[in-house]
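The structure under discussion appears below in the form of structure tokens.
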Protein chains: 8
Amino acid sequence: MDSGPLRRLLEEVRQGALSIDDALSSLRGLPYEDLGFAKVDHHRELRNGFPEVIYCPGKTPEETAAIAQAILARGSDLFGTRAEPDVFEAVQKAAPSAEYNARAKTFRLIQNPVEPQEGVLIVSAGTADLQVAEEAYETASAMGQRAERLYDVGVAGLHRLLDNAPALHSARVIVVAAGMEGALPSVVGGLVSVPVIAVPTSAGYGANLGGVAALLAMLNSCASGVTVVNIDNGFGAGYAAALMNRLSAKGGGGE
Amino acid sequence: MDSGPLRRLLEEVRQGALSIDDALSSLRGLPYEDLGFAKVDHHRELRNGFPEVIYCPGKTPEETAAIAQAILARGSDLFGTRAEPDVFEAVQKAAPSAEYNARAKTFRLIQNPVEPQEGVLIVSAGTADLQVAEEAYETASAMGQRAERLYDVGVAGLHRLLDNAPALHSARVIVVAAGMEGALPSVVGGLVSVPVIAVPTSAGYGANLGGVAALLAMLNSCASGVTVVNIDNGFGAGYAAALMNRLSAKGGGGE
Amino acid sequence: MDSGPLRRLLEEVRQGALSIDDALSSLRGLPYEDLGFAKVDHHRELRNGFPEVIYCPGKTPEETAAIAQAILARGSDLFGTRAEPDVFEAVQKAAPSAEYNARAKTFRLIQNPVEPQEGVLIVSAGTADLQVAEEAYETASAMGQRAERLYDVGVAGLHRLLDNAPALHSARVIVVAAGMEGALPSVVGGLVSVPVIAVPTSAGYGANLGGVAALLAMLNSCASGVTVVNIDNGFGAGYAAALMNRLSAKGGGGE
Amino acid sequence: MDSGPLRRLLEEVRQGALSIDDALSSLRGLPYEDLGFAKVDHHRELRNGFPEVIYCPGKTPEETAAIAQAILARGSDLFGTRAEPDVFEAVQKAAPSAEYNARAKTFRLIQNPVEPQEGVLIVSAGTADLQVAEEAYETASAMGQRAERLYDVGVAGLHRLLDNAPALHSARVIVVAAGMEGALPSVVGGLVSVPVIAVPTSAGYGANLGGVAALLAMLNSCASGVTVVNIDNGFGAGYAAALMNRLSAKGGGGE
Amino acid sequence: MDSGPLRRLLEEVRQGALSIDDALSSLRGLPYEDLGFAKVDHHRELRNGFPEVIYCPGKTPEETAAIAQAILARGSDLFGTRAEPDVFEAVQKAAPSAEYNARAKTFRLIQNPVEPQEGVLIVSAGTADLQVAEEAYETASAMGQRAERLYDVGVAGLHRLLDNAPALHSARVIVVAAGMEGALPSVVGGLVSVPVIAVPTSAGYGANLGGVAALLAMLNSCASGVTVVNIDNGFGAGYAAALMNRLSAKGGGGE
Amino acid sequence: MDSGPLRRLLEEVRQGALSIDDALSSLRGLPYEDLGFAKVDHHRELRNGFPEVIYCPGKTPEETAAIAQAILARGSDLFGTRAEPDVFEAVQKAAPSAEYNARAKTFRLIQNPVEPQEGVLIVSAGTADLQVAEEAYETASAMGQRAERLYDVGVAGLHRLLDNAPALHSARVIVVAAGMEGALPSVVGGLVSVPVIAVPTSAGYGANLGGVAALLAMLNSCASGVTVVNIDNGFGAGYAAALMNRLSAKGGGGE
Amino acid sequence: MDSGPLRRLLEEVRQGALSIDDALSSLRGLPYEDLGFAKVDHHRELRNGFPEVIYCPGKTPEETAAIAQAILARGSDLFGTRAEPDVFEAVQKAAPSAEYNARAKTFRLIQNPVEPQEGVLIVSAGTADLQVAEEAYETASAMGQRAERLYDVGVAGLHRLLDNAPALHSARVIVVAAGMEGALPSVVGGLVSVPVIAVPTSAGYGANLGGVAALLAMLNSCASGVTVVNIDNGFGAGYAAALMNRLSAKGGGGE
Amino acid sequence: MDSGPLRRLLEEVRQGALSIDDALSSLRGLPYEDLGFAKVDHHRELRNGFPEVIYCPGKTPEETAAIAQAILARGSDLFGTRAEPDVFEAVQKAAPSAEYNARAKTFRLIQNPVEPQEGVLIVSAGTADLQVAEEAYETASAMGQRAERLYDVGVAGLHRLLDNAPALHSARVIVVAAGMEGALPSVVGGLVSVPVIAVPTSAGYGANLGGVAALLAMLNSCASGVTVVNIDNGFGAGYAAALMNRLSAKGGGGE
């Protein structure tokens, strides 16, 4: 923890170089970050082994590449989401060893690899949910998880899911991506006793209302232990899954 | 078919008692019903073996009882839905042999019994869906069906449903009532090859939006062969199930 | 039914080649499909005379063509929905005798023709509902139905519908596609005594909310016997119609 | 027209009793009403032969009675809507000859009767729409119309409506009240060439969303000449019908 | 009225050439139109002096031109809405004297001019509402109205509206098009005693929800005599205005 | 400002009674409030001359009275909102000189009166909006404003509003409460050049959707300078009006 | 695990008492539960140290008491949610040592206590969110958690939250209940690196839409690691928190 | 104030050149504007030091340039919003010294500069909210404000905001733009005692519903003093901020 500024202030007080009134005034105006608290916050991702994440929409390929370069330059890990191919092309010029998952539309370059942790399972209902499922998979991977995938096991063909009961039962955290009626998290949640993170996808048409139908279904799940993230938010699901699974690897609290 | 008025008119034309111009004028003004077409419509329920239905809300117990008495007086079958106990009490005075299903809130008195037809199965997800499921059951029964029930087999405990695969597989038409996330019709629809009628119920709270969550889920079902009725509309589901199952008992068209 | 794996296991038990404990363990881990139950499910479409269906959106023309080729190679019937012309062009190269319905945006190639069954009627309100109506028609046709069409009979010109009363009265199952106010299924449902499948279409503008106005109207239909599918879901309506009409051709249950 | 204040001001200007600057200042501050324009507005109802209307919700029976008394005291006609029986009881004490329509929940006492005008027809779909239809009827009546009623002619039994074609064809303005799927205005609008005012009612349940389903249907009517008022707004429909029908009795403009 | 078929049937009955039973059977199957009722309906537009209307979206320019040609060939008037410039270009080739209103996106060619009727006023709130207002204007014009326009008089600059009080007060029917908060119909409705037809437009952004905000405001107008049509439905408003104003030109009923 | 704890810490550092490392540690753990920042926040209401506010729903009359007593005991001003009569009865026992506004459902007891500031005007559209308008009035009053009222000046009778132009033009901040179509803030906003705070009320029925119609209208106001608070939130409007008007009484910033 | 039925079947096969074909047939029809798989599911709660939960709404006090008695009779732990006082009164007669949390509306009687696990923190924004927060607290407690509470730390008084940073930083799983704008989970999520479970509450009025406003805010949280449960679903949040925190106490998978 | 026409009329009356009756008639028909009242309204922007604003969408670049030229020609200030680059290109040809803010999509040319007023602070949550924040900034600037900016201080990294407490505390009016969960205005509102204008932005995806999630959150803010404008309405926020801050510079009322 870098408490330099505060220490210097206190030393000046002790040495009489700073009046107490001026010190009081400085302390009140001192940037929050300098109290040590915020610094921790600022460096949180690094300490956690989590890379900095670039959400690409709204940035030009060049801007994205420049940010990526800056992140890598200070030794951090790199992870980008919702990156169209032309964005990755620009990133790749700046970071030739970055890898792209074309389906997930993510890229990553891990400079500080950790021993991946087992236990996260990514489940998807149909092929139309693959981008979201893969985004969750890539996010969890970038966060140090060795995630497993179980795809295309929607509820209309239940045997496909039941055939994979062992995979479900050996998972510690399960992400379930589904569009249309969004029923899969309920079924999975009924089969296991671990946290299930439901991701509604916008797959479908008509009265799916852009994923709202699946979202509502998941929020109303009759299975206990199901929590929900935003529509198409594979990143959020993968991130939360990594946070949860990290609990199984440590005893203490969060920060 | 009662074509008396038309026949009389034609006979008057033949006998010269009515000019062709006057006949033309009469025909144009003739109540639609008297063309035979509407009569068929008017008597449709009777011919179909379907009783006349009283939807009780908005009627006083006395009004309901009076209507019931009139129906029975002309020899028709009687069936009432959404009847609170005090309504049935009044009906019972007028029709002592009428039977009440307190959970379904329906009553019936079948004066013209037919040989009940097998093949309709009523499935419900949870105990909170029972009123709707029972309304469907009673409606199908009143429409000449010997319906089977399979209750409390929601998707969070899948084995309860799978244990009853034989019942599912021997049905010809299946009604599925479910609230909350409304996932059960998709799961059932994936297990069978017969029509599934989904009834969303308002069971649940919060973002179930009074049953809209289940309704949207059912409309977006990934299982083929699922059609949907209005929220809590057990009557509509039971009625449609009877119409569908009647198809298996006859060769010809509708009317 | 292929019960080979199970039979082999049981034979090994009888011969003492497998201990009962090992057999118990195997049974628990045995893929669900191998119990015979799932196999039936897996082959359901084939046994039912129903072709495998390709939902084209989200697939490249080449991917679609490859799937089509695989389906045909194993002797199955082929049916594709929501296929833009360029998709069909690619399919046609792989399957020159496949037929395209440009309005329905479907293609099909039936290798195992069955004797088509009469009784399904497809009704549409306006010309803007034609794609959905034709999708229902093509689906029902691919499922072995000789469907009839009755188009452009919306409620604002009632005589057009009433002129076709005979067609309505000879149908066993009626699909009604309508956009805007979605009133046609109620009117049709009031004229017949057979199941009516209502398909809301997104035709219209302003407060039609992309078809939600018609959907709500159909769910609230005052005519009994009306069930509803998702907005623009002509496939679902045609499929359900085929399932229902099959009931009139057989005595037994579903599977 | 009472232009007294203005005239007096101008006379004072002419007589030199008021400087032009003071006159300018007065004119700017002069109550709008005194320009003659607002007066007309203020007395509009009286001149039109339209009574003053009391919307009763949110007023105590005593407050309502006091307002009624004041209206009658200055010789105006009295008309009240959404009046529960206890409200009318209080009104009746103040105005013994006032009449109550218990179904419409309206009361009226016309002190300045006019020769009623023919041409307004009030149509309703079902018995659940009667309160709204009656409110429209009573409003039109209070506004000097001899309205006709055609009730319980919903689209599920089309012959009931068609049997009454003559009534439809002799009307000059038609109000149509309907709940559930709200289809009746479209059917009526397709049969006639006169303005149709559609009133959605909240009758129904489930996905009728308190009348929104019917409202949307009516707004999306495929029949031309249909305009819509708020849910359950029988008053608004009856008022608009009276305004429209008055057009057939005069040649000139509005005010 | 062409009652030939019916007359022939009756004559055959009188002559004994047709048995009464056969006549009964024919009557039941007789196309509705042949009863005279539908014919009237079929020719309604022609008799009313209203042209046939082509709603252009979803039709190719060529299709539109062909329909236009057919309409003109049988001597009818021509009116088209929502016609993009390329559509009109095609129409113009088939009908060189057709006129295009580029802002309204309508075209017309009146072959059977009538004496235009005065009394319809089209009011719009802002320049963004002009397309809708002009569509209403063109529709009313095509329906035989000599409509007046009062544009850009939104409520945020009230004096612009009040300056035009005479125009408002001399109108018999007023169409008011407004987007954003949709307040103008209420203000206009409070100033006049004639029917006001409110047209919400989709002009605006954010929480205007594509015109739903204006629609809801208009449905909840505190001014009596306001009725509403669908969002952006200038055609519907102009059509209804013509129907209403026709009432002031005749004494009798609709058909 | 009470910076005692910080000052003591600094003095201990200067005197060498506290090591710099311990001081650093203390500072990091020091309750935020003790940095002076939070204290200011804690006492903000008091310093601002704003009383502490009790939102009564969900508290028993006794709980409310106890809180009121505690507030008064420490010399603060008292203000309560949404207080039903029985709540005030309890409060009055604890604070006999508290005053109740039965329409606003607020009570107050100002122990530290300030010189009231002029400039706030509360406008309401109809009598149904009075509770909300009065809540805004009482809130502004409790916050040291001498607010004016201008009630029942809805847009359907524009002259009532225009007659009061001087009141509008002399105001510095205007609160406008309106239900139904919520048009009044737009009209007022178009007449003045000062901030207008729009409060949608739930007054109305049908498609007013509990005030959402008015809310949307106000958010889409075509008049500049209009900002909006939550439905029925008279308190929020009055509070914001006081904050804004205070700006006219001082030169400096907020805290 | 009770594999008796299966074992008996296999033994009969080995002894030749059952033919292989009959065994195959039995296996296919064998209740799913008897395969061992479902039994595990059936007993899941027991093995997990989780009590059986009674959701009280829709059950009479007597029914609830009877269920409670049955649960206790078989030695299970008892936990009930949404229990009004009269329900608990009935339960208490059957189970005198059951404890009631009147704010949470839950009761419990743990017969098989486990060593409680630390790490779950329940945070609430305002006093109106207390019922939901307490339901989460009680649920987590019943599931073997020693949960901490941090209440009334809403975002409008940020220092209250920041003063409690240590509690936030020592938690392993955090439940955050908030109504109104639902901002607290985002703020908490930005301060910690552990899973945050957001529970929207229905606290608020007007455009909070019964909790939908808070729900949407939470789903759109800009803080990573936040997942969401249904409105007012304190039970679901507490249950998920217990599942997550259990991960920190074990190494293996779920079942 | 130009009261020429009125003055001339009064002088003619005094001189007897105009009869009192004719004067009365003229006054009634006199354009509202000529009463002095409307003139003030018409010139309001000019007198207020506010430029005329061009809302560019729906206008061609050429139309926009022509309007700009006209505004400048009469010596007014120019300000345009939502101007795409090609629009500004056209404007620049007509007004070479106009300045463009590419991020805000605004242009301005102030011909009558005023001494800018301090006190407005524009805060934004994330980089995705920048266009809206900049539009507010540019609007306030064009209205004579020297606004400060504080960007990218979203609630997920609270220290960034807290580090800038001095900027917050020295502001007199604060505009806060935020998308996603829209929590920032509540946090800012809790830290200051000045008016906060919340602008929801459409930044986000999925269940943000195009900004409705942020809008609802802001309307339900638990912080007092927060008012809200439409989604993405940076112009409205900047305009209202200028109106509010002007209050601190003057003592009198609005007009």
Side-chain angles (χ1 to χ4, degrees), chain A residues 124-129 152-165 168 176 178-193 196 198 200-228 231, chain B residues 124-129 152-165 168 176 178-193 196 198 200-228 231:
Chain A
S124 81
T127 52
D129 308 314
D152 205 15
V153 292
V155 298
L158 213 53
H159 62 288
R160 294 175 302 184
L161 180 69
L162 296 177
D163 287 354
N164 288 284
L168 295 172
V176 184
M180 305 179 79
E181 80 272 68
L184 190 54
S186 291
V187 172
V188 169
L191 294 174
V192 302
S193 296
V196 170
T201 77
S202 53
Y205 59 89
N208 83 326
L209 305 178
V212 168
L215 170 62
L216 289 176
M218 291 171 182
L219 287 166
N220 287 286
S221 175
C222 57
S224 301
V226 176
T227 58
V228 186
I231 297 165
Chain B
S124 81
T127 51
D129 307 314
D152 205 16
V153 292
V155 299
L158 213 53
H159 61 287
R160 294 176 301 186
L161 181 69
L162 297 176
D163 287 355
N164 289 284
L168 295 172
V176 185
M180 303 181 81
E181 79 272 67
L184 189 55
S186 291
V187 172
V188 168
L191 294 173
V192 302
S193 295
V196 171
T201 77
S202 53
Y205 59 89
N208 83 325
L209 305 178
V212 168
L215 170 63
L216 290 175
M218 291 171 182
L219 287 167
N220 286 284
S221 176
C222 57
S224 301
V226 176
T227 58
V228 185
I231 298 164

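Since the structure is predicted, the reported quantities are computational estimates derived from the model, not experimental observations. To find a chain, count down the sequence lines: A is the first, B the second, and so on, and within it residues start at 1.
For a residue to count as touching a neighbouring chain, one of its non-hydrogen atoms must lie under 4.5 Å from one of that chain's; by this rule A/L209 touches chain B with the side chain only.
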- Task: Go through the steps to decide whether A/V153 and A/L162 satisfy the test side-chain contact (heavy atoms from CB on, under 4.5 Å), and finish with yes or no.
- Result: CA-CA 9 Å; A/V153 292; A/L162 296 177; over 6 Å; no

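Between B/N220 and A/M180 the shortest heavy-atom distance is O-CB, 3.2 Å. Pairing each heavy atom of B/P185 with each of B/G182, the nearest pair is CD-O, 3.5 Å. Taking all atoms of both residues into account, the shortest heavy-atom contact from B/A198 to B/M218 is CB-SD, 3.6 Å.
Note on B/L219, B/L184, B/N208: by heavy-atom pairs under 4.5 Å with chain A, the leading option is B/N208. Interface check for chain B: of the options A/A125, A/G154, A/S186, the most heavy-atom pairs under 4.5 Å are formed by A/S186. When A/S221, A/A214, A/S224 are compared by the number of non-hydrogen pairs under 4.5 Å with chain B, A/S221 comes out ahead.
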